[in-house]
S.K.: 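Here it is, the structure in full.
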Amino acid sequence: MPTAVAVAHPNIALVKYWGKRDAGLNLPAAGSLSVTLAPMATTTRLTWGKSSDAFTLNGRAASGRDAARLSGFLDLVRALRPDLGGAEVVSENNFPTAAGLASSSSGFAALALAATHAARVELGPAALSVLARRGSGSAARSLVGGLVRMDGGRLGDGSDAFATQVDPLTDWPLQVVIAVTTEASKETSSTDGMTLTQQTSPYYPAWVAGVEPDIDEAVEAIASRDFDRLARVAEASAMRMHACALGADPAVLYWRGATVDVIHTVRALRRQAGIPCFVTVDAGPHVKVFVLPEHVDRVNRALLEVPGVLRTILARVGGDATVRIEGS
Ligand code: PMV
């Protein structure tokens, strides 16, 4: 059996996905909008025809819940070609895993691509995005580069809930400075956090109702290369997602002290120093700061001075996921 090697980049949402309309099929309650990032990437090598599944993630064998989740995902490919048997999967991230740095987005995108190509199962871009979505909602957005829009869809089978590229952003080189505030794994997974939010936060309906208008506004802002307009809508989306999660019972709280301090620093850079920049925060304590290239150094220096910021990672807009076949 051939080995497929897939490389996918993580993405960061400008308008967030937070809530599911169907947990079984992993269908989002609304759409979302993201930017694919480089140079961060997951590289996944996969070979079918083994007696059972075996996963090595960042040099360590996966077991228990992690392995069960990955095997459950591969079952979706085995359903398309039942003679595949088990898979040997070796996957490496060149950035920290499971700390709110979007590793599931690139991880399941790379796995979907490697698993289907190694099986010679040909899926079009929409079907591939639908498959990746079953592993992780944000993974549906990591198969293509640039600015990516995820459609929440309406159909019960989820065949219309997939992501497409809106703009490669080649002439608008947005950059992201990521302030890393802990090396530890997050305490509450995004799935657990969004489920609890959905079940218990009184703000959830208002959150969902605001998502599609925010996507439209952000797409318009980007189409006119209006950074300040994008900053307002994207920062509001992140804040409202977390406000909604804080309304859960018990509260879903991902922020640490350094998270809040970085947010204040970015507001000061914007208001006092006139630097165009904005924050977004996902299901973890790190802060991602969007900025245009001419201001990266200034923002990076300011973030490194915030107590509790361990280090920063610099990212730029990334491209499409890729796959190649080795052997025969
Ligand atoms: O893809 P998941 O299930 O890990 O959920 C992602 C949730 C957020 O990162 C917080 C928001 C988003 O749209 O990526």
Side-chain angles (χ1 to χ4, degrees), residues 8-37 40 42 66 69-70 72-73 93 95-112 129-143 147-152 158 161-163 176 178 185-198 201 204 207-208 210-212 214-215 218 233-246 248 252-255 259 279-288 290 315 318:
H9 299 289
N11 68 76
I12 290 186
L14 293 167
V15 178
K16 303 293 182 191
Y17 150 54
W18 198 251
K20 300 179 197 278
R21 68 180 163 93
D22 181 320
L25 290 175
N26 209 23
L27 285 171
S32 53
L33 187 74
S34 61
V35 174
T36 303
L37 298 183
M40 302 139 85
T42 301
D66 290 344
R69 182 176 176 195
L70 294 164
F73 181 79
N93 289 339
F95 61 98
T97 304
L101 285 181
S103 58
S104 69
S105 63
S106 51
F108 279 103
L111 188 60
S129 176
V130 163
L131 175 65
R133 189 204 73 226
R134 297 287 298 273
S136 157
S138 55
R141 303 186 308 237
S142 265
L143 291 158
L147 179 70
V148 179
R149 183 175 191 153
M150 173 80 194
D151 235 310
F162 57 86
V176 185
I178 300 170
S185 291
K186 62 188 166 197
E187 288 160 20
T188 308
S189 72
S190 46
T191 294
D192 290 350
M194 67 179 89
T195 303
L196 188 64
T197 304
Q198 191 160 355
S201 176
Y204 182 73
W207 154 254
V208 173
V211 174
E212 295 297 339
D214 280 353
I215 294 174
V233 61
E235 206 167 275
S237 176
M239 294 298 169
R240 287 178 189 151
M241 177 201 120
H242 286 277
C244 181
L246 283 170
V252 175
L253 172 57
Y254 289 108
W255 296 5
T259 314
V279 300
T280 191
V281 188
D282 291 301
H286 315 295
V287 185
K288 291 106 180 188
F290 276 81

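As the structure lists them, so they are numbered: ligands from 1, and atoms in each ligand from 1.
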S.K.: Under a plain distance cut-off of 3.5 Å, with no hydrogens placed, do Ser136 and Ser104 share a side-chain donor-acceptor pair?
M.R.: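 Result is yes, a qualifying pair exists.
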S.K.: If you round to the nearest 0.5 Å, how far is CD1 of Ile178 from CD1 of Ile12?
M.R.: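 Rounded to the nearest 0.5 Å, the CD1-CD1 separation comes out at 4.5 Å.
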S.K.: Indicate yes or no: does Lys16 engage Asp282 in a salt bridge with an N to O separation below 4.0 Å.
M.R.: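 A salt bridge links Lys16 with Asp282.
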S.K.: Any donor-acceptor pair under 3.5 Å linking the side-chain atoms of Asn93 with those of Thr42?
M.R.: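 On atom types as modelled, these side chains qualify, holding a pair under 3.5 Å.
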S.K.: Considering only protein heavy atoms, which is closest to atom 2 (P) of ligand 1, and at what distance to one decimal place?
M.R.: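 Protein heavy atom at minimum distance: Ser190 OG, 3.4 Å.
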S.K.: Which of the atoms of ligand 1 are close to Ala283, meaning less than 4.0 Å from one of its heavy atoms?
M.R.: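 With Ala283 as reference, the close atoms of ligand 1 come out as 10 (C).
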S.K.: Before accepting this row, confirm whether a basic side-chain N of the pair Lys288/Glu235 lies closer than 4.0 Å to the acidic partner's carboxylate O.
M.R.: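 No.
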S.K.: Considering distance alone, does some N or O of Tyr17 sit under 3.5 Å from an N or O of ligand 1?
M.R.: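 The answer is yes, given that Tyr17 and ligand 1 share an N or O pair closer than 3.5 Å.
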S.K.: Using distance alone, decide if ligand 1 has a nitrogen or oxygen within less than 3.5 Å of any nitrogen or oxygen in Lys20.
M.R.: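 Not met; the criterion fails.
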S.K.: Looking only at heavy atoms, is any part of His242 under 4.0 Å from ligand 1, and if so is it the side chain, the backbone, or both, or is it neither?
M.R.: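 Looking at His242 and ligand 1, no heavy atom falls under 4.0 Å.
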S.K.: Return a yes/no value for Trp18: is any of its N or O atoms, backbone included, closer than 3.5 angstrom to an N or O of ligand 1?
M.R.: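 N/O-N/O distance below 3.5 Å does not exist for this pair.
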S.K.: Is there a polar contact, in the sense of an N or O pair closer than 3.5 Å, between Asn11 and ligand 1?
M.R.: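 Between Asn11 and ligand 1, no N or O pair is found under 3.5 Å apart.
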S.K.: Identify, by atom number and element, the atoms of ligand 1 in contact range of Ala13, meaning under 4.0 Å from any of its heavy atoms.
M.R.: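 Ligand 1 atoms under the 4.0 Å threshold to Ala13: 12 (C), 13 (O), 14 (O).
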S.K.: Please state which protein non-hydrogen atom is closest to atom 9 (O) of ligand 1 and give its distance, to 0.1 Å?
M.R.: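 Of the protein heavy atoms, Asp282 OD1, 3.4 Å lies nearest.
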S.K.: Step by step, work out the side chain to side chain donor-acceptor pair (under 3.5 Å) result for Ser142 and Asn11.
M.R.: CA-CA 6 Å; Ser142 265; Asn11 68 76; 2.9 Å; yes
S.K.: Using a 4.0 Å cutoff against the non-hydrogen atoms of Met194, which atoms of ligand 1 qualify?
M.R.: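 Selected atoms, number and element: 5 (O).
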S.K.: Quick one: do the Ser32 and Arg141 side chains pair a donor with an acceptor below 3.5 Å?
M.R.: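 Yes.
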S.K.: With heavy-atom distances below 4.0 Å as the criterion, list the atoms of ligand 1 near Gly137.
M.R.: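 Checking each atom against Gly137, I get 1 (O), 3 (O).
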S.K.: With a 4.0 Å heavy-atom cut-off (strictly under), which part of Ser138 contacts ligand 1: side chain, backbone, both or neither?
M.R.: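 The answer is both.
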S.K.: Can you list the ligand 1 atoms lying under 4.0 Å from a non-hydrogen atom of Ser104?
M.R.: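 Ligand 1 atoms under the 4.0 Å threshold to Ser104: 4 (O).
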S.K.: Identify, by atom number and element, the atoms of ligand 1 in contact range of Arg141, meaning under 4.0 Å from any of its heavy atoms.
M.R.: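 Ligand 1 atoms under the 4.0 Å threshold to Arg141: 12 (C), 13 (O), 14 (O).
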S.K.: Decide if atom CZ of Arg149 counts as having more than 12 heavy atoms of other residues, nucleotides or ligands within a radius under 6.0 Å.
M.R.: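 Yes.
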S.K.: Please find the pair of heavy atoms, one from Ala248 and one from Thr197, that lie closest to each other, and give the distance.
M.R.: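 Result for this residue pair: CB-CA, 3.9 Å.
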